[in-house]
Amino acid sequence: MTAHILKLHPEPFAAIVSSHKTIESRLHDEKRRKIQLGDQIIFINRVNPEQTVTATVVGLLRYATFHYLFSHNDPRKFGSESVEWLEDQMNGFYPLDEQLQNSVVGIEFVLTS
């Protein structure tokens, strides 16, 4: 089992702490390809780094783009009611060409602390 660190803005961090968000979406780049089932994720609040929460990876959802990831899964698991809102948010971080080059991943987790 390996531990991975993911930094989050306060809003998604709070959604994870409150269990309203159970899947974290990221580009499936070299760093995220190392994440395996059973690994631990330590989520850190970017604004208040002493706030952390630990989770165990229970699923890895791989898709070509964020559009497909969000369209084929319940958007509430990503902390939103809207596929379009989620897609707009992630497209702001990762342009479509990067998504197509690397693919994307939904990291499904359960909180452990």
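Predicted, not measured: the structure shown is a model, and the values here were computed from it. We count residues from 1, following the sequence as given.
Between His67 and Thr65, the side chains place no donor N or O within less than 3.5 Å of an acceptor N or O (distance only, hydrogens not considered). Between the side chains of Gln99 and Asn91, a donor-acceptor pair is found at a separation under 3.5 Å.
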Salt bridge (Lys or Arg N to Asp or Glu O under 4.0 Å) assessment of Arg76 paired with Asp74: CA-CA 5 Å; Arg76 291 173 292 190; Asp74 184 348; 2.9 Å; yes

Check against side-chain contact (heavy atoms from CB on, under 4.5 Å), Ile44 and Gln51: CA-CA 6 Å; Ile44 299 174; Gln51 290 183 340; over 6 Å; no

Residues His4, Lys34; criterion side-chain contact (heavy atoms from CB on, under 4.5 Å); working and verdict: CA-CA 9 Å; His4 307 272; Lys34 295 176 184 175; 4.2 Å; yes

Working for side-chain contact (heavy atoms from CB on, under 4.5 Å), residues Gln40 and Met1: CA-CA 7 Å; Gln40 288 191 325; Met1 172 181 58; 3.5 Å; yes

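Thr112 places a side-chain N or O within 3.5 Å of a backbone atom of Thr54 that can act as its donor or acceptor partner. Judged by distance alone, with hydrogens and angles left aside, the side-chain atoms of Ser18 form a donor-acceptor pair with the main-chain N or O of Ala14 at under 3.5 Å. With Asp39 contributing its side chain and Gln36 its backbone, the two residues share a donor-acceptor pair below 3.5 Å.
The CD1 atom of Ile41 lies 5.0 Å from the CG atom of Leu6; values are rounded to the nearest 0.5 Å. With values rounded to the nearest 0.5 angstrom, Gln89 atom CD is found 10.0 Å from Ser82 atom OG. Between the CG atom in Asp29 and the CD atom in Gln101 there is a gap of 10.5 Å [rounded to 0.5 Å]. Rounded to the nearest 0.5 Å, atoms CG (Asn102) and CG (Asp97) are 9.5 Å apart. Taken to the nearest 0.5 Å, the NZ atom of Lys77 stands 5.5 Å off from the CD1 atom of Ile23.
Pairing each heavy atom of Pro10 with each of Val47, the nearest pair is CG-CG2, 3.4 Å. Annotation for Leu86 and Pro75: closest pair CD1-CB, 3.7 Å, computed over non-hydrogen atoms. Residue Arg26 comes nearest to Lys7 through the heavy atom pair NH2-O, 3.1 Å, listed as atom of the first residue, atom of the second, then distance. Closest non-hydrogen pair, Phe70 versus Ser25, comes out as CZ-OG, 3.7 Å.
Side-chain contact check for Arg46 versus Leu8: every heavy-atom pair is 4.5 Å or farther apart. Taking the side chain as every heavy atom from C-beta outward, Arg32 and Ile107 approach each other to under 4.5 Å. Taking 4.5 Å as the limit, some side-chain heavy atom of His28 sits within range of a side-chain heavy atom of Arg62. Counting heavy atoms from C-beta on, the side chains of Val53 and Leu111 come closer than 4.5 Å. In this structure the side chain of Leu27 reaches within 4.5 angstrom of the side chain of Glu98, judged on heavy atoms.
Taking a 6.0 Å sphere around OH of Tyr94, one finds it holds more than 12 heavy atoms contributed by other residues, nucleotides or ligands. Summarising the local packing, CZ of Arg33 is surrounded by more than 12 heavy atoms from other residues, nucleotides or ligands at distances under 6.0 Å.
Ile16 and Leu61 fall into different hydrophobic clusters, defined by Ile, Leu, Val, Met, Phe, Trp and Tyr side-chain heavy atoms under 4.5 Å apart, directly or through other members. Placement of Phe93 and Leu69 within a single hydrophobic cluster is found when ILVMFWY residues are connected by side-chain heavy-atom separations under 4.5 Å, directly or transitively. Put simply, Val105 and Met90 are part of two different groups of oily side chains (I, L, V, M, F, W, Y) that touch within less than 4.5 Å, one to the next. With hydrophobic clusters built from ILVMFWY side chains whose heavy atoms lie under 4.5 angstrom apart, Leu37 shares a cluster with Ile35.
Test Tyr63, Phe78, Phe66 against His72 for ring-ring contact (aromatic ring centres under 6.0 Å, His included) and you get one pass: Tyr63.
Shown here are the ring pair (Phe, Tyr, Trp, His ring centres under 6.0 Å) partners of Phe109, two or more places apart in sequence or in another chain: Phe43.
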